[in-house]
Structures are given as structure tokens and as C-alpha cells.
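The structure appears right after this line, and notes come after that.
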Amino acid sequence: MATDTATDVFEEHRPVLMGVAYRMLGRVADAEDVVQDAWLRWSAGERGDVREPRAFLVRITTRLALDRLRQAQSRRESYVGPWLPEPLVTDFGPTVPDTAERAVLADSVSLAVLVVMESLSPLERAVFVLREAFGFPFAEIAATLDRSEAAVRQLSGRARKHVEEGRPRYEVDPAQRRDLTERFLAAAVDGDLDGLMSLLAPDVRLVGDSGGKTRGPLRVVESADKVGRFLVGAARKGASEKVGEHEFRMLELNGAESVLVLVGGKPDSVIQVEVADGRIQRVFIMRNPDKLVGLAG
């Protein structure tokens, strides 16, 4: 296989490889490193007997991601405060024209699902990603992971059950989510506690990820009263510090409408809400600066 052809083949499958790696690791930078390592192995290896490049490349990427995931899980045990995945700009574009397929891909990178997947074992996570997000046959997954097909089916069943138990059990109209997001943002910025309380579900939960590197809650905040007061307090503190001009941008992250907050032109935080029955059920706030680098510019 000529070098230019090898490059073309790899680039054709890069979106799938990146998709697998990100869903397994929850970090864009880590996923990019894994895909780069896969390219190095692909470009330097013997490819003459490779009949199915896509399956071969997914196998390499999955195994590399598994190694990195095992290392990452040990580091996350000492992570300061709640952990959230790095925000991913999602624009599947014309490569995913089918509405149903687009919905599956968007759901598989949702913050809620990625957070639940953190509690899976590395092998369970790999099987879930390959099977549920990309529809790989069990036999192919078994070959990728060097496990029996029966073992892979068991891993898949356990992973799917766990994720189904932890994921939101409702569908949201994107227009309603955007409306509630905008109203939520306005009330939070204005320090309007009554306005916030009218939008929050009684048992709402706020999950903030600062990684201990900037101000943020070190535990999950629960109940409308506590979440509302936390947000009002944060808004007042931010206003009193006068750290710079705030700018708010709406964009799609992890398959859902989100708010990117910039201070002095630099990413400061990402806010995303989950909605059901006309109320906000969960608030995600990402403030770890290491995870916002990719949103600059």
C-alpha cells in the first residue's frame, strides 16, 4: 500500500477512531494522542495483509485507549472534586445524514452518559462504546479485545444495564432546552433567586468540575434551594471581583445546547442543563481550565 494511499485510508476512518477514543477516555487531548499513536503504528507497520482497514484501525485505537484509560482511572482517584468529561464540540455534519444515527451518536457523547460510563470497568466501557455507539458485531469486538464472544456479550449486557439505570429517562425538545438554558443564564447572571427557583426541579443536582484549579463546588450540590443560592452567590462574587468583561456564547457541546462563558476573551466555564417536564433537572458546570483549552478562539 503506497504511502499516500495509506494516509488517505487513515484519514477516511479518522472520525470513527476519534469517536471511539473520546468516548472511552472523555478527554479530547487524550483521544487525539491515541489516534496519533494509531497512525504511527498504521504508517510504520506492514499493511499488505490488512483486508478490512476500518476494523484493523479500530482494533489498534481501542487497545491503545484501553491502556490509557487504565492509567487515567488511577489518576482520577486523586482528582479534586467531581469529574466531568472535557467538552466536545459536536457537529456531525453531512457525514451522518440519518437522523436516528445522529441521535445515537449524540447520546453516546452526552455528559450524562459519559459520567455514568466512568463507573464501568475499562473492558465494559470499550464494549459499550463499540457496540452501542458504533454498532460493531460482537464477533468483531471479541477479536478487538482478545476475548470470547460469550464474554463480550456478558460485558455488553452488564454495561448496558448500568448505563440505562444511570442515564436520564426522558427526551427533550431542543427548542425547550435552549429556551430554559437562556432563561437560566439570565436569572443566574442577574442573581435572581426567584427566577432560578421557578426553573429548577425540586431535586435538581449541580455538578461542577474545577479540578481544584479554580473556584467551584467540591461536592455535588443538591436541591433547588441550595443550587439556586449557590448560583446567586457565585454571580455576586464574580461581579464583585470585576475580573473582566463577560461574554456568553451558545454552542452545541456533547450533543446538547450549552453556554460557553468567556472572561476577558478567554474560556472561563461551560454550562449545560438537563431538562424534563419543563424544569431543569441537572446543571453541569465545567471550570477546569485544562479542559477548556480546546474552546479558545
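Because the structure is predicted, anything quoted here is derived from the model rather than measured. Residue numbers count from 1 along this sequence.
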task = Check the pair R54, V9 against side-chain contact (heavy atoms from CB on, under 4.5 Å), reporting the backbone distance first and the verdict last.
result = CA-CA 9 Å; R54 182 174 185 263; V9 170; over 6 Å; no

query = Salt bridge or not for E86 and K291, using N-O below 4.0 Å?
reply = no

note = Closest heavy-atom pair, V115 versus P85, reported as atoms and distance to 0.1 Å, is CG2-CD, 4.0 Å

task = Report yes if some heavy atom in the side chain of L292 is under 4.5 Å from a heavy atom in the side chain of D268; otherwise report no.
result = no

key: side-chain contact (heavy atoms from CB on, under 4.5 Å) between L199 and L180, worked out   = CA-CA 7 Å; L199 302 174; L180 281 172; 3.7 Å; yes

inquiry  = Just verifying a value: how many Å separate L155 CG and S148 OG, rounded to the nearest 0.5 Å?
reply    = 8.5 Å

request  = Give the minimum heavy-atom separation between R287 and R215, together with the two atoms involved.
outcome  = NH1-O, 2.6 Å

query = Can you tell me if D190 uses its side chain to pair, donor with acceptor, with the backbone of D192 under 3.5 Å?
reply = no

key: Derivation of the side-chain contact (heavy atoms from CB on, under 4.5 Å) call for L123 and L145   = CA-CA 8 Å; L123 279 176; L145 301 178; 4.2 Å; yes

N/O donor-acceptor pair under 3.5 Å between R219 side chain and G81 backbone = no

task = Not counting sequence neighbours, which residues clear side-chain contact (heavy atoms from CB on, under 4.5 Å) with A188? List them please.
result = L196

query = Does atom CZ of R70 have more than 12 heavy-atom neighbours from other groups under 6.0 Å away?
reply = yes

task = Identify whether the distance between the nearest side-chain nitrogen and carboxylate oxygen of E182 and R178 falls below 4.0 Å.
result = yes

key: Polar side chain donor-acceptor pair, R131 to S156, under 3.5 angstrom   = no

query = At their closest point, which heavy atom of V129 faces which heavy atom of M117, and how far apart are they?
reply = CG2-CE, 4.0 Å

message = Between R68 and V34, is there a side-chain heavy-atom distance shorter than 4.5 Å?
response = yes

inquiry  = Show the nearest heavy-atom pair for residues L64 and A38, with the distance to one decimal.
reply    = CD1-N, 3.6 Å

ask   = Does the pair R125/E118 count as a salt bridge with the N-to-O cut at 4.0 Å?
value = yes

inquiry  = Whether R183 and D179 form a salt bridge (side-chain N of Lys/Arg under 4.0 Å from carboxylate O of Asp/Glu) is what I want to check.
reply    = yes

request  = State, without any angle test, whether E257 and T181 hold a side-chain donor-acceptor pair at a distance under 3.5 Å.
outcome  = no

ask   = Measuring from T62:OG1 to D67:CG, what's the distance to the nearest 0.5 Å?
value = 11.0 Å

query = Side chains of F128 and H162: does their closest heavy-atom pair fall under 4.5 Å?
reply = no

request  = Give a yes or no on whether D277 atom CG has more than 12 heavy-atom contacts from other residues, nucleotides or ligands under 6.0 Å away.
outcome  = no

request  = Taking the side chain as every heavy atom from C-beta outward, state whether H246 and V261 have any atom pair closer than 4.5 Å.
outcome  = yes

query = Are W83 and V293 linked, directly or through other ILVMFWY residues, by side chains that come within less than 4.5 angstrom of each other?
reply = no

request  = Flag the pair E149 and R153 as a salt bridge only when some basic side-chain nitrogen lies within less than 4.0 angstrom of an acidic carboxylate oxygen.
outcome  = yes

note = Residues R14 and V35: closest non-hydrogen pair is NH1-CG1, 3.5 Å

query = Are there more than 12 heavy atoms of other residues, nucleotides or ligands under 6.0 Å from atom CD of E11?
reply = yes

query = Are any of the side-chain heavy atoms of L17 and F10 separated by less than 4.5 Å?
reply = yes

message = Surrounding CZ of R229 (heavy atoms of other residues, nucleotides or ligands, distance under 6.0 Å), is the total greater than 12?
response = no

ask   = Testing E52, H13, R41 for side chain to side chain contact (heavy atoms under 4.5 Å, CB included) with L57, which one passes?
value = H13

query = Regarding D209 and Y79, is there a side-chain donor-to-acceptor distance under 3.5 Å anywhere?
reply = yes

note = All heavy atoms of V58 vs all of T144, minimum pair found to be O-CG2, 4.5 Å

